[in-house]
There are 2 protein chains.
Amino acid sequence: MSIGELIGGRDGLRIPDPRQTSVSVHTYLRDLIISGDLPPGTQLKQAELARVLAVSRTPLREAFRMLQEEGLISAEPNQRSRVVGLDAEELDSLYAARVTLESLGARLTAGKLSREELRSATAAFREMERTYKAGDMASWTVAHRSFHRLLVGRCGATVLRTINSYAQQSERYVRIDQNQHGNDFSSRQAEHQAIFEAVRDGDGGAAVAAMANHLAGTARRVVDGLSNRAPGHGTPCVDAALSLLLNGCSTT
Amino acid sequence: MSIGELIGGRDGLRIPDPRQTSVSVHTYLRDLIISGDLPPGTQLKQAELARVLAVSRTPLREAFRMLQEEGLISAEPNQRSRVVGLDAEELDSLYAARVTLESLGARLTAGKLSREELRSATAAFREMERTYKAGDMASWTVAHRSFHRLLVGRCGATVLRTINSYAQQSERYVRIDQNQHGNDFSSRQAEHQAIFEAVRDGDGGAAVAAMANHLAGTARRVVDGLSNRAPGHGTPCVDAALSLLLNGCSTT
DNA sequence: TCACCCATAACTGTATCCACTCTGGAGGTG
DNA sequence: CACCTCCAGAGTGGATACAGTTATGGGTGA
């Protein structure tokens, strides 16, 4: 399957600022990978992509380097880059780190959000309900992303970047989750509400517990879904992280 | 201060594989930044750097994009890139994440190292003692890095990449720590030993406790050292992370 | 002394060229 | 028929030149 065919139905590349074409290309390709339009294993040929996107190879190669640094594509010398896929094991450890980091982020953020930020979080929460009921999952994803980002907003720029990167990585597989378990929305929304209230009220412990349980639940469903086609092996890493966050290191 | 002068005393750029000049340039520049030879705020001019390193701008710009993705340099359109510096607050949150992630890594690795890996860790441990007594801090850093990496070796490729990135970021500031507190080597080495034994014996809880305490101690010294020139504000993020790892989320 | 302006320098993107490497198929060999 | 070798074409990586745009810094005038 050629790249031109794969992205044929999508919106084309937008370059709002011609001074940073490589950034636009990077964002565009990242979205293609995260959305699943470029499935794992897809070969990315520089010349073909440059022709399809109507940019030269120079900014394209810079975008490749950024994607490579994020772990989304592979890059071996003189070999075509490929979209990287995660197996169940890797996804388990990724989610374990995500559970841990976002829980820490929620704890560091608890009680520190401004009135303005709290209002934004509430708005995102309501937007999630609205878009879900309307079946507009694309907008739901945007609101969901914004909601989670606000609730870990005080953990420093570097850590925030990592959390975003992990969220993007795992978002590729959440799509599976959404399709398979589309009807337990209300319980997930209740989890979101619990996180929000704990962070709003400055209860760091509750924020950690709520965030950890929420993400661990997602992780279990996603990894299970991925394992349907392969031998399932559970989520040992996520379980370890969850136990660590809830009970501390005393319980081995 | 020009770049030529800053790196004049150092070894030049080595390009072992001419097929990946950009990777060599990336590694070289990263080392320069981490070592402090390029202090925060240093302007990086593409043309000048390309001339000094005897490479063209193409691989140089790819290296810049990778450094930017790692948060080591800033990149605004049509502006010179600058080496990014961390303030005490950002360093605190970075270390909080590092404490959390590496403790998780140690837990996931506990009891899973092969005999070969355990031997390598022991060798690195002894090398740290030898090089420290010999005053060869460059070699000590290499051994120390290797030691820490081995003890979190089973936490998945993505997380391992993050841990490495964080370690590099903070390594820039540990140098200060080494100079100021060079004489408590024995206690730090005891901490290293405690981590090693817990991981070797498969005691996940002890591994977490040992790793968390070790890194938190380093964090406090480093942040304190950084705050000498600025108003000190302690390490609230690291303290929160440490409490979370040791006691779980029940204690707020 | 300070504010402003302009020439210079620097960055970005594009295009093109060349060297090197890898891939995949044709053809030969056992 | 399976396997190997070899080679042409495709692909990547790097160097260089050029155009357009912007920041910078020093000189000038108030």
Side-chain angles (χ1 to χ4, degrees), chain A residues 1-7 12-30 33 38 41-69 72-84, chain B residues 1-7 12-30 33 38 41-69 72-84:
Chain A
M1 175 88 71
S2 81
I3 297 192
E5 298 171 28
L6 280 172
I7 66 179
L13 167 66
R14 303 240 180 278
I15 305 183
D17 187 346
R19 295 176 308 172
Q20 34 186 2
T21 306
S22 44
V23 175
S24 303
V25 172
H26 169 234
T27 304
Y28 184 71
L29 289 178
R30 195 184 52 194
I33 294 174
L38 296 181
T42 307
Q43 285 189 356
L44 301 173
K45 305 180 197 177
Q46 292 180 5
E48 183 182 2
L49 255 182
R51 186 174 47 74
V52 171
L53 301 182
V55 298
S56 74
R57 280 177 55 210
T58 310
L60 190 67
R61 282 166 61 175
E62 293 180 25
F64 272 28
R65 291 299 185 185
M66 292 191 272
L67 293 170
Q68 173 197 352
E69 201 70 24
L72 290 175
I73 69 175
S74 67
E76 301 290 326
N78 284 90
Q79 278 180 330
R80 288 188 272 268
S81 293
R82 284 175 172 279
V83 178
V84 168
Chain B
M1 177 87 73
S2 81
I3 299 196
E5 297 170 29
L6 281 171
I7 66 178
L13 169 66
R14 304 242 180 274
I15 305 182
D17 186 346
R19 293 177 309 171
Q20 32 188 1
T21 305
S22 50
V23 175
S24 303
V25 171
H26 170 233
T27 305
Y28 183 70
L29 289 178
R30 195 183 52 195
I33 295 173
L38 296 181
T42 306
Q43 288 187 353
L44 301 174
K45 306 179 196 177
Q46 291 183 3
E48 182 183 2
L49 256 181
R51 187 172 46 75
V52 171
L53 300 182
V55 298
S56 77
R57 280 177 47 220
T58 310
L60 190 66
R61 282 171 58 174
E62 292 182 24
F64 271 29
R65 291 299 184 187
M66 292 191 272
L67 293 170
Q68 175 195 353
E69 201 71 21
L72 290 175
I73 69 175
S74 67
E76 301 291 324
N78 286 76
Q79 270 176 292
R80 287 189 268 268
S81 294
R82 284 175 173 277
V83 177
V84 169

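Because only heavy atoms are used, hydrogens play no part in the values below, and waters and symmetry mates are left out as well, while side chains stay in. We name chains A, B, ... by the order of the sequence lines, and we start the count at 1 in each one.
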Could you check how far [atom1] of [X] sits from [atom2] of [N], rounded to whole Å?
X	N	atom1	atom2	answer
B/M66	D/dG13	CE	C1'	12 Å
B/I15	D/dG14	CD1	P	8 Å
A/N78	D/dT12	CG	P	9 Å
A/L60	D/dG13	CG	P	11 Å
B/D17	C/dT21	CG	C1'	11 Å
B/R82	D/dT24	CZ	P	8 Å
B/L49	D/dA15	CG	P	14 Å
B/R51	D/dA15	CZ	P	15 Å

### Task
Kindly say whether A/Q43 contributes a backbone atom to a donor-acceptor pair with the side chain of A/R82 at under 3.5 angstrom?
no
### Query
Okay, side chain of A/S74, backbone of A/S81: is any donor-acceptor separation there less than 3.5 Å?
no
Do any side-chain nitrogens or oxygens of [X] fall under 4.0 Å of OP1 or OP2 in [N]?
X	N	value
B/R57	C/dG13	no
A/T21	C/dT12	no
B/R19	C/dC22	yes
B/Q79	C/dA10	no
B/S56	D/dG14	no

### Summary
Of B/Q43 and B/E62, the one whose nearest nucleotide on DNA chain D sits closer to the 5' end is B/E62
### Any N/O donor-acceptor pair, A/R61 side-chain to D/dG14 base, under 3.5 Å
yes
### Task
Assign B/T58 to base, sugar-phosphate, or nothing according to its heavy-atom contacts below 4.0 angstrom with the strands shown.
base
### Task
Have a look at B/S22 and say if it touches a base, only the backbone sugar-phosphate, or nothing, with a 4.0 Å heavy-atom cut-off.
sugar-phosphate
### Query
For B/L44 and A/V55, take the nucleotide of DNA chain C holding the closest heavy atom to each; which residue's nucleotide lies nearer the 5' end?
B/L44
### Query
DNA chain C: B/A75 or A/P77, which has the more 5' nearest nucleotide?
B/A75
Tell me which nucleotide among [options] gets nearest to the side chain of [X].
X	options	value
B/R65	D/dA15, C/dC11, C/dG13	C/dG13
B/Q46	C/dT12, C/dC20, C/dC11	C/dT12
A/Q20	D/dG14, C/dG13, C/dC22	C/dG13
A/R80	D/dG11, D/dA15, C/dG13	D/dG11

#### Entry: 4.5 Å side-chain heavy-atom contact, B/V23 and B/E62
no
### Query
Heavy-atom distance under 4.5 Å between the side chains of A/F64 and A/L49, does that happen here?
yes
### Task
Compute whether any side-chain donor of one residue and acceptor of the other, for B/S22 and A/R65, lie under 3.5 angstrom apart.
yes
### Message
Testing the basics here: between A/S24 and A/L13, what is the closest heavy-atom pair and its distance to 0.1 Å?
### Response
O-CD1, 3.7 Å
